[in-house]
Amino acid sequence: MTDHLSDDYWNQRYLDGQTGWDLGSISPPIKAYVDQLTDKNLRILIPGAGSGHEAEYLHQQGFMNVHVLDFAPEAIAAFLKRNPTFPVTNTHVADFFAHQNTYDLILEQTLFCAIDPILRQKYAEHASALLRSGGKLIGLLFNREFEGGPPFGGNTTEYMGYFSPYFRELSMEDCYNSVEPRGGSEVFIRLVK
């Protein structure tokens, strides 16, 4: 793996305030999905949580079992500083691929496009392993290419190839409610194990 994908690289980005991907709040497509959830006891994982805006929103809405994971300690520390009532035991400074637990729902927003594309098949397999039977992987993926990276782009045909061995229901639709800078370049995914 290249240096720009190491935990030191990402931690330094947070220390330097170089977080251009951070919207400053929960993304509208994920908020719309969360707003229709009724079971506040769902075990939810947000991998590559960064500033944790999704977790913050879920916590404010009364979700009791939200877990944030990021391998940049600075991201988790900043999240906890902003959210002092969030359970510290539900924060994980760790590598997604080493994390072990079982969840009902994984919310994906930025991790998949930040990892080296050679790890995408492994991501799909590990996300599936973390979900209970019937669990869901929900979120946003880019439906466009980028020069260099991260972020790393892709398309739905490519993504279907990664996820279809591990999920029985796969929905990937053009996102109608992306934030303006990402309009027309995101797909909303709903994958059921």
Side-chain angles (χ1 to χ4, degrees), residues 1-15 18-23 27 29-30 43-55 67-76 79 91-133 135-172 175 182 185-193:
M1 191 175 305
T2 58
D3 287 344
H4 69 276
L5 298 176
S6 71
D7 54 351
D8 288 338
Y9 170 83
W10 290 107
N11 202 56
Q12 194 61 50
R13 295 282 303 256
Y14 284 98
L15 289 169
Q18 295 178 351
T19 55
W21 62 86
D22 189 330
L23 299 176
S27 70
I30 292 178
R43 286 184 53 81
I44 302 171
L45 174 66
I46 305 169
S51 296
H53 301 296
E54 291 73 23
H67 291 254
V68 294
L69 183 148
D70 202 292
F71 67 7
E74 182 61 28
I76 296 294
F79 169 77
T91 62
H92 310 278
V93 177
D95 183 335
F96 170 73
F97 297 106
H99 184 66
Q100 299 295 316
N101 216 322
T102 304
Y103 298 95
D104 301 303
L105 175 63
I106 296 175
L107 291 177
E108 166 59 49
Q109 167 143 335
T110 57
L111 181 61
F112 189 84
C113 72
I115 61 173
D116 192 313
I118 64 171
L119 296 173
R120 288 180 169 179
Q121 188 74 50
K122 185 177 177 183
Y123 173 99
E125 181 179 12
H126 193 61
S128 175
L130 291 171
L131 289 167
R132 66 164 174 78
S133 179
K136 297 175 184 172
L137 173 60
I138 303 292
L140 299 166
L141 301 179
F142 280 115
N143 192 23
R144 60 167 286 200
E145 297 297 334
F146 295 95
E147 286 195 33
F152 299 102
N155 60 67
T156 56
T157 302
E158 172 192 350
Y159 303 151
M160 286 288 192
Y162 298 135
F163 292 107
S164 61
Y166 309 104
F167 293 87
R168 61 181 168 85
E169 293 179 33
L170 294 90
S171 170
M172 297 185 185
C175 199
R182 299 178 187 170
S185 66
E186 291 181 314
V187 290
F188 188 81
I189 63 168
R190 181 183 176 278
L191 313 177
V192 181
K193 180 176 174 179

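Computed from a prediction, not measured in an experiment: that's the story for all the values here.
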Tyr159 side chain to Gly154 backbone, donor-acceptor under 3.5 Å: yes

Spatial distance of atom CG (Asn143) from atom CZ (Phe188) [nearest 0.5 Å]: 14.5 Å

Smallest separation among heavy atoms of Ser27 and Leu140, with atom names: OG-CD1, 3.6 Å

Reported CD1-to-NE2 distance for the pair Ile46 and His92, which is rounded to 0.5 angstrom: 10.5 Å

Leu131 vs Phe167 side-chain heavy atoms within contact, under 4.5 Å: yes

Pairwise distance CD1(Ile138) to CD(Gln109) - rounded to 0.5 angstrom: 13.5 Å

Leu191 to Met172 - nearest heavy-atom pair and separation: CD2-CE, 4.2 Å

Non-hydrogen atoms of Ala55 and Val68 that approach each other most closely: CB-CG1, 3.1 Å

Contact check, side chains of Lys193 and Leu137, non-hydrogen atoms, under 4.5 Å: no

Interatomic distance, Tyr162 atom OH to Phe112 atom CZ [nearest 0.5 angstrom]: 6.0 Å

Heavy-atom side-chain contact between His99 and Asn101 under 4.5 Å: yes

Test item: Asp70 side-chain N/O and Ile76 main-chain N/O as donor-acceptor pair under 3.5 Å: no

Rounded distance [0.5 Å steps], CZ in Arg168 versus OG in Ser128: 11.0 Å

Minimal non-hydrogen separation, Leu69 against Asp95, with atom names: CD2-C, 4.3 Å

Close side-chain approach of Asp104 to Arg132, heavy-atom, < 4.5 Å: yes

Side chains of Tyr123 and Phe96 in contact at under 4.5 Å (non-hydrogen atoms): yes

Atom of Pro47, atom of Glu108 and distance for their closest heavy-atom approach: CG-OE1, 4.4 Å

Close side-chain approach of Ile189 and Val187, heavy atoms under 4.5 Å: yes

Separation between CG of Leu130 and OG1 of Thr102, rounded to the nearest 0.5 Å: 7.5 Å

Closest non-hydrogen atom pair, Phe152 against Ile115: CD1-O, 3.2 Å

Side-chain heavy-atom pair Glu125, Phe97 within 4.5 angstrom cut-off: no

Counterpart residues, salt bridge (charged side-chain N to carboxylate O under 4.0 Å, His left out), relative to Glu169 (two or more places apart): Arg190

